[in-house]
Amino acid sequence: MSVYIGREDSKRWRIICAETTAEISLLIENWKYLLAGLIGQYMHGVAARGVHFIHRPGPVLQDTGFLLLKELGQERAYVSETVFTFIFASFLLWTFHPFIFKSKKIYTVLIWCRVLAFLCGCQALRILTFYSTQLPGPNYHCREGSRSATLPRPDHIMKYFIVIPRGMLYGCGDLIFSSHMIFSLVFVRTYNKYGTKRFIKQCAWLTAVIQSLLIIASRKHYTVDVVVAWYTVNLVVYYIDSKLPEMPDRGAAAVLLPVTKDSRTKEENHKLLNGNAGDPTDMRLRSQVNGKGVEDSNTIISETVLNSV
């Protein structure tokens with residue numbers, strides 16, 4: 001029994017080492033895309049904090065979601081944040097699962113390059129919208145009479161560029177559209193394409209719907225913030241994920257979707273990025289078709305299909 005456990009541990013360790021080597025190689029090649037994505041996250045944080053300086057509290061606007069959903073109250077504001085933390089942590093752990101499990105369909109570095117591209121695209125539109133029009137925040141700390149509804153102007157310009165983590169929960173003015181829904185929908189859509197468990201996919205979409213309702217019930221956003229997030233995020237992700245990869249020469253779009261120099265590695269990465277597992281039957285079929293004429297190739301394909309049936 002101890003010998004069997006030792007072999008399993010040794011096998012698992014070899015998987016981790018091999019996966020780490022592959023990911024480090026991809027990281028060295030694609031670090032600039034990850035860095036650009038992280039810089040985009042920082043710029044979004046600076047912009048969200050900046051609009052807090054110019055936010056002016058006022059009466060809460062009439063909202064259909066507020067009329068239909070019972071208010072959770074300030075003491076239950078943690079409920080929506082708990083659901084969001086669960087979505088974030090679950091997706092983070094899933095992206096690193098190839099380091100542990102033998103069966104893998106993704107590369108962690110490449111999946112995060114794509115996720116950061118989706119996030120930056122959505123957040124750029126979000127910055128444009130909440131700086132175009134500042135609505136009075138519906139959250140409790142953003143209402144009239146709250147001392148934190150507007151931030152005092154800093155005495156030095158460099159303090160405008162300091163991002164405080166607390167501002168993620170207690171910001172005001174950055175309403176249209178919901179940042180929490182951006183992250184949730186990007187994560188859910190990404191798993192929906194590259195994940196393998198159908199039940200988890202269904203649960204993920206259900207959790208995103210529940211998250212939307214909780215955000216409105218917690219009065220953290222107006223209903224319009226959530227509704228706009230649902231169709232904007234899906235459109236942006238569809239554009240980046242479905243349109244840009246089909247372009248033969250991405251040019252400036254290469255910063256969104258990394259490519260590799262080696263043609264063999266490029267083909268493999270492209271296949272993994274688009275969620276296609278390496279099917280041994282398909283690989284054997286391609287090896288037989290290569291070098292054959294059109295008629296011979298059709299014969300091979302027909303025979304393979306008949307045998308599989």
Side-chain angles (χ1 to χ4, degrees), residues 35-63 65-66 71-85 88 116-186 211-212 214-230 232-233 236:
L35 179 61
L38 294 176
I39 292 175
Q41 298 305 300
Y42 168 75
M43 293 175 61
H44 173 258
V46 172
R49 186 168 185 264
V51 78
H52 198 167
F53 289 110
I54 60 178
H55 173 257
R56 294 294 178 267
V60 178
L61 303 178
Q62 181 176 347
D63 188 277
F66 292 177
E71 186 173 354
L72 290 180
Q74 193 170 3
E75 66 279 359
R76 296 186 182 89
Y78 69 90
V79 177
S80 64
E81 293 300 328
T82 302
V83 175
F84 174 75
T85 302
F88 190 96
L116 288 173
F118 301 153
L119 292 176
C120 289
C122 296
Q123 290 166 343
L125 295 178
R126 181 173 188 260
I127 292 172
L128 290 176
T129 55
F130 67 63
Y131 267 106
S132 299
T133 303
Q134 289 83 48
L135 302 178
N139 211 337
Y140 303 102
H141 64 274
C142 299
R143 299 179 183 179
E144 292 179 308
S146 175
R147 297 179 59 183
S148 59
T150 302
L151 291 179
R153 298 297 178 91
D155 53 1
H156 195 279
I157 190 172
M158 292 304 297
K159 292 184 178 180
Y160 281 99
F161 299 94
I162 299 176
V163 178
I164 302 175
R166 187 174 182 272
M168 298 174 59
L169 300 177
Y170 297 98
C172 296
D174 56 330
L175 292 175
I176 300 177
F177 41 97
S178 171
S179 179
H180 282 60
M181 290 310 303
I182 290 178
F183 280 90
S184 298
L185 291 173
V186 166
Q211 169 77 2
S212 303
L214 288 175
I215 288 176
I216 299 172
S218 300
R219 305 301 188 255
K220 295 181 178 180
H221 279 278
Y222 293 109
T223 305
V224 65
D225 305 337
V226 175
V227 172
V228 172
W230 268 92
T232 302
V233 174
V236 171

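Because only heavy atoms are used, hydrogens play no part in the values below, and waters and symmetry mates are left out as well, while side chains stay in. Computed from a predicted model, the values in this text were never measured in an experiment.
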Just to verify, which of Gln211, His180, His221, Lys220 counts as forming a side-chain hydrogen bond (donor to acceptor under 3.5 Å, both in side chains) with Ser80? Lys220

Could you grab the distance from atom CZ of Phe177 to atom CG of Leu185, nearest 0.5 Å is fine? 10.0 Å

Measure up the Phe88 and Phe84 rings against each other and bin them: parallel (under 30°), tilted (30 to 60°), perpendicular (over 60°). tilted

Would Tyr160 and Phe53 count as a close aromatic pair, with their ring centres under 6.0 Å? yes

Look up atom CG in Leu128 and atom OG1 in Thr133, then write down how far apart they are to the nearest 0.5 Å. 11.5 Å

Closest non-hydrogen contact found for Asp174 with Ala48 is OD2-CB, 3.7 Å

Is the backbone N or O of Ile127 less than 3.5 Å from a side-chain atom of His44, with the two atoms forming a donor-acceptor pair by type? no

Taking atom CD as the centre, does Glu75 end up with more than 12 heavy-atom neighbours from other residues, nucleotides or ligands that are less than 6.0 angstrom away? yes

Between the CD1 atom in Ile215 and the CG atom in Leu72, the distance rounded to the nearest 0.5 Å is 11.5 Å

Answer yes or no: is there a side-chain heavy-atom contact under 4.5 Å between Leu175 and Phe130? no

With a 4.5 Å limit on heavy-atom distance, are the side chains of His156 and Ile162 in contact? no

is_close_aromatic(Phe66, Tyr222), centroid dist under 6.0 Å: yes

Which pair of heavy atoms, one from Gly171 and one from Cys142, lies closest together, and at what distance? O-SG, 3.5 Å

Starting at OG of Ser218, measure out to CZ of Arg76 and round the result to the nearest 0.5 Å. 10.5 Å

Taking the six-membered ring of Tyr140, is NZ or CZ of Arg219 closer than 6.0 Å to its centre and within 45° of its axis? no

Pair Asp225, Ser178 - check side-chain hydrogen bond (donor to acceptor under 3.5 Å, both in side chains), show working. CA-CA 5 Å; Asp225 305 337; Ser178 171; over 6 Å; no

How far does SG of Cys172 sit from CG of Leu135, to the nearest 0.5 angstrom? 12.5 Å

